[in-house]
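Here is the structure we will look at, set down as structure tokens.
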Amino acid sequence: MENRLFDTTVQQLKYEVIKELIRAYDKGLDNGIFHDIPIKIMPGPNASLRCCVYKERAILQERLKLAMGGDPSNPNVVEVIDIACDECPVDGVFVTPACRGCISHRCVEVCPKNAISIENKHAVVDKSKCIECGKCTQACPYNAIILQKRPCVLSCKANAIKVNADKKAVIDNSKCVGCGACVYQCPFGAIADKSYILDVLDILKNSENNTKYKVYAIIAPSIVAQFDYARIEQVITGMRELGFHQVMETALGADLTLDEEADELKERGTLTTSCCRSFVKYIQINFPELVKYISSTPSPMAMAGRLIKAVDPTCKVVFVGPCTSKKFEFKQDDVKDYIDCVMSFEELQAFLDARNIDVSTLPDSALDNASYYGRIFARSGGIAEGVTALAKERGFKADPIAMSGLDECKKQLLLLKLNRSPYNFFEGMACDGGCVNGALCLRHAPKSLSDVNKYGEMAKEKTVDNSVKLYKMATGAKSENETAVPKAPGSEEAAD
């Protein structure tokens with residue numbers, strides 16, 4: 001299976017399923033897709049990835065269910081495909097052949113549960129006593145004892161994944177923050193995100209070519225690092241060909257979020273950002289005493305949607321981005337009125353290819369309606385940089401810390417909890433490096449960070465002032481029931 005678009009074959013499989021589902025939708029969906037699509041993707045007769053082609057197809061059927069929205073009784077946007085979860089070694093402490101049978105027996109001495117003994121001059125672990133504290137792994141002078149964890153367990157910094165008696169991964173929804181790290185890190189693709197692509201297709205179809213209502217797409221700024229075979233302006237043209245009335249930058253919403261969070265910081269004194277919903281959820285679950293510091297400002301996605309719906313109240317708004325976090329955020333009570341659906345970059349690629357749109361051959365569409373600061377929200381440190389600049393303009397001092405990944409978030413939040421933090425503004429990103437490394441990106445590479453910086457520098461607007469002015473005009477007109485409201489930025493009418 002050729003993979004020219006993605007980091008992994010797992011992503012390629014997800015893409016193939018979504019692409020074929022969209023093509024089936026265009027022809028009229030029926031239950032035959034559960035037979036036809038797996039065979040088309042895995043024609044056989046020989047298996048290429050699993051023990052047999054029949055298991056490959058059975059797993060594809062489960063992937064197809066997730067592509068159609070997954071288990072409606074499970075509120076989590078991330079689910080485990082049980083049949084695909086069977087190849088990982090069991091977690092635990094293991095003694096490797098590197099054990100030299102030394103006579104110091106440091107591993108035995110440090111074990112708090114007496115779980116290690118020496119048999120035939122080699123260390124042996126009693127799994128019934130072992131608590132996997134890892135002290136023996138650190139004590140062994142030969143590094144002969146290892147603590148092995150499944151990739152999904154290791155990647156989950158929220159400690160929401162365990163392994164049950166059947167050796168299957170299980171997600172604890174009460175701990176899961178929806179960051180999607182397990183989705184990207186599982187080598188067998190046994191953990192996957194739900195897709196709402198059918199909802200997107202329905203929204204576009206029911207708009208009747210944007211005559212009943214207009215459908216807007218708002219793209220996360222991290223998109224600039226994704227489609228490396230085409231210019232971002234060509235991707236925008238391709239999205240217009242998919243049926244979107246207009247494509248706007250979520251970075252415009254980031255400008256608004258930045259403006260409000262700067263004022264909120266000045267008023268409240270200490271603030272944690274609200275941009276990453278997984279970070280917010282992590283605080284709510286693990287640091288409830290710090291909830292009082294969470295910003296009440298909506299995320300850039302919600303802000304952008306709110307602006308568009310202030311201008312065009314009957315429209316539909318679809319967010320296109322890099323993460324699973326937005327897939328649960330848009331259903332929350334404080335966001336659902338502004339965002340109608342969410343689509344990932346992976347799904348956008350599948351959508352374009354399903355409709356045979358080669359964006360690299362298309363002309364450019366202009367996209368310039370956000371500031372430098374709004375665009376660099378895509379990377380860790382972007383929010384902190386912006387709030388520092390605004391604080392200086394507004395006559396107060398911001399002492400920000402940019403926390404990249406949940407491990408760093410945990411460390412800094414603990415200091416805040418203990419009143420030992422020197423910072424007053426806490427930018428939290430669940431994904432290492434920020435949104436540019438979101439679980440549902442096409443690719444994850446160091447180059448992505450430089451791409452975002454270049455994208456920010458290309459912005460004509462260097463401050464958030466124009467975005468804020470537009471928002472106040474739009475919401476002000478709506479509240480006063482005025483008939484003349486400003487056109488959405490980037491539209492032909494606004495260009496006049």
Side-chain angles (χ1 to χ4, degrees), residues 7-10 49-51 55 78 80-172 175-177 179-191 282 286 403-412 414 430-433 437 439 444-446:
D7 288 339
T8 70
T9 301
V10 170
L49 302 173
R50 297 278 182 167
C51 59
K55 183 167 186 176
V78 177
V80 178
I81 303 175
D82 282 350
I83 192 175
C85 182
D86 65 352
E87 299 290 345
C88 288
V90 179
D91 294 358
V93 174
F94 296 90
V95 180
T96 71
C99 178
R100 306 309 301 158
C102 64
I103 63 174
S104 65
H105 300 163
R106 292 175 184 170
C107 55
V108 175
E109 297 300 328
V110 300
C111 181
K113 296 296 182 180
N114 297 317
I116 298 183
S117 59
I118 305 299
E119 298 180 12
N120 297 322
K121 299 181 180 179
H122 280 73
V124 176
V125 179
D126 183 343
K127 296 296 183 65
S128 66
K129 296 180 180 179
C130 179
I131 59 172
E132 300 179 9
C133 65
K135 291 184 178 180
C136 57
T137 67
Q138 299 168 20
C140 178
Y142 295 104
N143 296 317
I145 306 177
I146 61 173
L147 175 57
Q148 191 171 46
K149 291 186 177 181
R150 291 190 177 193
C152 58
V153 174
L154 197 61
S155 69
C156 182
K157 307 306 180 182
N159 296 317
I161 300 180
K162 302 297 181 185
V163 180
N164 66 15
D166 296 324
K167 301 179 182 179
K168 306 290 186 182
V170 177
I171 299 174
D172 183 344
K175 295 181 179 180
C176 179
V177 299
C179 66
C182 55
V183 173
Y184 181 68
Q185 293 297 336
C186 178
F188 286 89
I191 305 180
Y282 184 77
N286 298 284
M403 302 172 291
S404 176
L406 289 181
D407 276 344
E408 181 64 21
C409 291
K410 179 180 180 181
K411 175 183 174 182
Q412 296 297 333
L414 183 59
C431 297
D432 291 333
N437 282 323
H444 305 73

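None of these values were measured; they are calculated from a predicted model.
Glu132 meets the side chain to side chain contact (heavy atoms under 4.5 Å, CB included) test with Val93, Cys130, Leu147; sequence neighbours excluded. By the side-chain hydrogen bond (donor to acceptor under 3.5 Å, both in side chains) test, Asn159 pairs with no residue at all, sequence neighbours left out. Residues passing the salt bridge (Lys or Arg N to Asp or Glu O under 4.0 Å) test with Lys55, sequence neighbours excluded: Asp86. Listed by chain and residue number, Ser117, Glu119 satisfy the side chain to side chain contact (heavy atoms under 4.5 Å, CB included) test with Val124 (two or more places apart in sequence, or in another chain). Residues passing the side-chain hydrogen bond (donor to acceptor under 3.5 Å, both in side chains) test with Asp432: none are found, sequence neighbours excluded. Tyr184 meets the side-chain hydrogen bond (donor to acceptor under 3.5 Å, both in side chains) test with Asp7, His444; sequence neighbours excluded. By the side chain to side chain contact (heavy atoms under 4.5 Å, CB included) test, Leu154 pairs with Lys149, sequence neighbours left out. Applying the side-chain hydrogen bond (donor to acceptor under 3.5 Å, both in side chains) rule to Gln185 yields no partners; only residues at least two apart in sequence or on another chain are considered. With sequence neighbours left out, the side chain to side chain contact (heavy atoms under 4.5 Å, CB included) criterion links Ala160 to Cys156, Lys175, Cys176. A search for salt bridge (Lys or Arg N to Asp or Glu O under 4.0 Å) contacts involving Asp166 returns nothing, not counting sequence neighbours.
The cationic group of Lys127 lies under 6.0 Å from the six-membered ring centre of Phe94 and within 45° of the ring axis, placing it in a cation-pi geometry.
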- Task: For the pair Lys168 and Asp82, evaluate salt bridge (charged side-chain N to carboxylate O under 4.0 Å, His left out) and give the outcome as yes or no after the intermediate values.
- Result: CA-CA 6 Å; Lys168 306 290 186 182; Asp82 282 350; over 6 Å; no
Would you be so kind as to tabulate the donor-acceptor pairs closer than 3.5 Å made by side chains of residues 101-116, with sequence neighbours excluded?
| from | atom 1 | to | atom 2 | distance (Å) |
| --- | --- | --- | --- | --- |
| His105 | NE2 | Cys102 | O | 3.0 |

